[in-house]
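Inspection log for the structure reproduced underneath, given as structure tokens.
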Amino acid sequence: MVSRVIPVDDFDLVIFGGTGDLARRKILPGLFRRFQAGQMPESARIIGAARSDLDSTGYRKDVANALKEFLPETARPKGDVKAFLKQIEYIAIDATGDGGWKELSSLLRDDIVRAFYFSVAPSLFGALAERLHGYQCSGPACRIVVEKPFGRDLESARALNKTLRDHFDESQIYRIDHYLGKETVQYLMAVRFGNVLFEPLWNAQYIDHVQITVAESVGVNGRGAYYDRSGAMRDMVQNHLMQLLCLIAMEPPSRFDPDAVRDEKLKVIRALESPEPSDIVRGQYVSASEGESYLDQVEDPSSRTESFIALKLRVSNWRWAGVPFYLRTGKRLKARHSEIAVVFKDAPHSIFGQALGRHRNVLAIRLQPNEGMDLLVTIKEPGPGGMRLVDVPLDMTFADALGPEGDDVPDAYERLIMDVIRGDQTLFMRGDEVEAAWAWTDPLIKGWKDRGDKPATYDVGSTGPEDAAVMLHSEGRRWRDIAS
Ligand code: BG6
């Protein structure tokens with residue numbers, strides 16, 4: 001059991017797409033864990049809604065199977081599962097027709113939080129919003145949760161924002177970027193704004209560069225059709241990596257409140273320069289094993305979509321003038337390893353002389369696996385033999401530093417769904433933020449399409465294309481290791 005949880009208010013949560021992959025893999029297991037933690041009021045209900053002709057009993061079986069599939073046996077004692085299932089109902093609904101809507105409307109209770117999770121194809125968002133409104137399911141205490149992808153360019157994101165805002169106020173729209181729900185991401189904000197230690201150094205005077213790495217060992221298998229239309233830029237950079245960059249680069253907000261934080265993030269996106277083509281490296285994975293290369297796993301055998309991208313970016317404002325932000329993300333890399341590393345400058349003068357080599361402080365925030373933070377500091381290597389310097393990590397792994405609670409890091413979805421019920425939008429993207437991110441992304445994608453650029457190849461299990469390494473080497477820097 002996780003302690004120190006504050007129960008949320010009573011709610012009805014409707015999951016459109018309640019039988020789908022995301023609901024089974026993330027949303028329902030996440031809700032179950034919150035239930036176990038004692039955060040869900042006994043009267044709260046989760047209502048699965050989908051096309052399938054099921055009743056509540058049938059759906060409960062489906063949910064029980066999902067928990068079995070996605071949670072280890074020790075994490076789902078029978079008694080807990082049984083009690084959780086009692087809070088679950090199902091309604092068969094036709095997102096684009098009229099079937100099921102009256103029933104849904106009469107099922108919902110008044111005067112409590114109503115949340116509607118759109119875990120369906122984006123093409124259905126408009127139809128759902130319209131019907132929720134038309135069948136009087138919405139109301140002031142109602143929220144909608146919208147999954148990514150939020151558009152595939154500026155135009156489609158604008159159209160989607162308009163459709164949603166035709167029926168809901170911005171304060172009711174929760175656009176999910178699950179990276180914002182990761183524990184370490186919030187940890188980063190606490191480290192930056194809760195300590196005096198870092199903020200005075202957090203600028204171009206002391207920081208040499210920043211590296212943001214989101215490396216995945218999985219490929220696109222099974223999602224080839226979606227992925228090939230998106231690529232790493234749309235799938236990861238426009239949203240997840242951009243959000244991480246914003247949290248590193250933003251000015252301190254005046255309060256930890258939704259609009260204060262999002263205003264500051266938006267300023268960062270607007271201050272992002274458009275990189276030159278030479279500051280972008282795109283790649284596609286290849287393997288000698290049959291069926292393992294990117295092109296084997298997508299429909300178009302001559303696809304130029306990138307499964308890897310590295311970028312050198314600049315945030316043009318006083319704080320960050322001259323500081324490169326290197327971003328990289330890719331599939332089928334050496335390991336699953338995500339981190340943000342802030343690499344500080346050399347000491348202004350070395351009293352030890354050049355012979356002792358170059359030593360730099362690095363603050364590395366590990367997103368996954370092994371969530372935590374390292375601060376590399378230079379010390380004297382112990383033992384006789386004169387002055388020798390060595391960089392050692394002041395390691396703070398959550399599991400070690402915080403005991404059992406540090407080990408029990410909640411999944412991003414758990415936290416975000418509870419934030420929706422609480423009505424806290426801080427960790428959700430505002431409409432203007434998403435549009436600004438697309439406005440920055442679109443010309444880059446158009447640029448490489450117009451130039452007919454082909455992605456470089458990289459071996460499955462490597463750290464990405466050689467050119468990505470060269471991008472830093474040519475400036476006397478190097479990527480941090482992608483460690484397993
Ligand atoms: C999703 C992307 O948003 O994030 C996937 O669509 C990617 O392609 C995933 O694999 C990565 O999330 P995480 O939490 O496993 O790092």
Side-chain angles (χ1 to χ4, degrees), residues 17 20-27 29-30 33 70 117-122 145-153 157 174-188 212-247 282-285 294 297-298 303 305-309 327-340 365-372 398 409-417 427-429 433-434 437-438 441 445 455 460 464 482-484:
D21 182 59
L22 183 72
R24 300 185 80 251
R25 205 162 31 88
K26 291 285 182 187
I27 304 174
R33 280 182 37 104
F70 296 106
Y117 201 123
F118 290 10
S119 178
V120 293
V145 185
V146 186
E147 264 298 329
K148 75 167 267 240
F150 199 90
R152 56 173 280 106
D153 51 23
Y174 289 70
R175 296 175 193 79
I176 285 222
D177 182 315
H178 78 279
Y179 265 62
L180 288 179
K182 288 192 190 274
E183 188 72 7
T184 339
V185 170
Q186 292 156 74
Y187 182 73
L188 163 65
I212 302 179
T213 297
V214 178
E216 296 187 272
S217 51
V218 294
V220 300
N221 252 341
R223 297 172 74 220
Y226 152 76
Y227 192 89
D228 203 41
R229 291 188 66 238
S230 305
M233 185 68 162
R234 285 192 172 99
D235 186 50
M236 298 294 287
V237 177
Q238 184 272 345
N239 37 74
H240 306 324
L241 277 84
M242 177 80 86
Q243 289 294 325
L244 299 181
L245 169 75
C246 285
L247 297 177
R282 296 189 312 127
Q284 249 179 20
Y285 58 83
Y294 179 80
Q297 298 171 348
V298 297
S303 167
T305 302
E306 72 287 351
S307 59
F308 173 99
I309 189 164
L327 273 51
R328 68 178 160 164
T329 181
K331 304 238 178 240
R332 292 310 310 263
L333 294 175
K334 194 174 153 197
R336 178 171 192 251
H337 174 99
S338 301
E339 65 160 34
I340 303 168
I365 296 138
R366 296 189 300 271
L367 265 59
Q368 56 201 24
N370 206 12
E371 290 94 338
F398 286 172
V409 177
D411 182 74
Y413 279 89
E414 290 176 43
R415 165 186 319 282
L416 293 175
I417 297 169
L427 300 176
F428 295 83
M429 292 180 298
E433 249 185 283
V434 180
W438 280 122
T441 309
I445 297 178
V460 162
I482 295 180
S484 42

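The structure presented is a predicted model; accordingly, all values stated were derived computationally and were not measured. Remember, it's 1-based here, ligands and their atoms both numbered in the order they're listed.
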Can you measure from CZ (Arg234) to CZ (Arg229) and round to the nearest 0.5 angstrom? 8.0 Å
Rounded to the nearest 0.5 angstrom, the CG-CE distance for Asn239 and Met233 is 10.5 Å
From Met242 CE over to Thr441 OG1, what is the distance, rounded to the nearest 0.5 angstrom? 4.5 Å
At what distance, to the nearest 0.5 angstrom, does NZ of Lys331 lie from CG of Asp235? 5.5 Å
Which pairs of nitrogen or oxygen atoms, taken one from ligand 1 and one from the protein, are under 3.5 angstrom apart?
unit_1   : atom_1 : unit_2 : atom_2 : d
ligand 1 : 3 (O)  : Lys148 : NZ     : 2.7
ligand 1 : 3 (O)  : His240 : NE2    : 2.7
ligand 1 : 6 (O)  : Lys148 : NZ     : 2.9
ligand 1 : 6 (O)  : Arg223 : NH2    : 2.9
ligand 1 : 6 (O)  : Asp235 : OD1    : 2.6
ligand 1 : 6 (O)  : Asp235 : OD2    : 3.4
ligand 1 : 8 (O)  : Arg223 : NH1    : 2.7
ligand 1 : 8 (O)  : Asp235 : OD2    : 2.6
ligand 1 : 8 (O)  : Lys331 : NZ     : 2.7
ligand 1 : 10 (O) : Glu216 : OE1    : 3.3
ligand 1 : 10 (O) : Glu216 : OE2    : 2.5
ligand 1 : 10 (O) : Lys331 : NZ     : 3.0
ligand 1 : 12 (O) : His178 : NE2    : 3.1
ligand 1 : 14 (O) : His178 : NE2    : 2.8
ligand 1 : 14 (O) : Lys182 : NZ     : 2.6
ligand 1 : 15 (O) : Arg336 : NH2    : 3.4
ligand 1 : 16 (O) : Tyr179 : OH     : 2.5
ligand 1 : 16 (O) : Gln368 : NE2    : 2.6

How are the rings of Tyr285 and Tyr294 set relative to one another: parallel (under 30°), tilted (30 to 60°) or perpendicular (over 60°)? perpendicular
CD/Glu433 to CZ/Phe150 distance, rounded to the nearest 0.5 angstrom? 11.5 Å
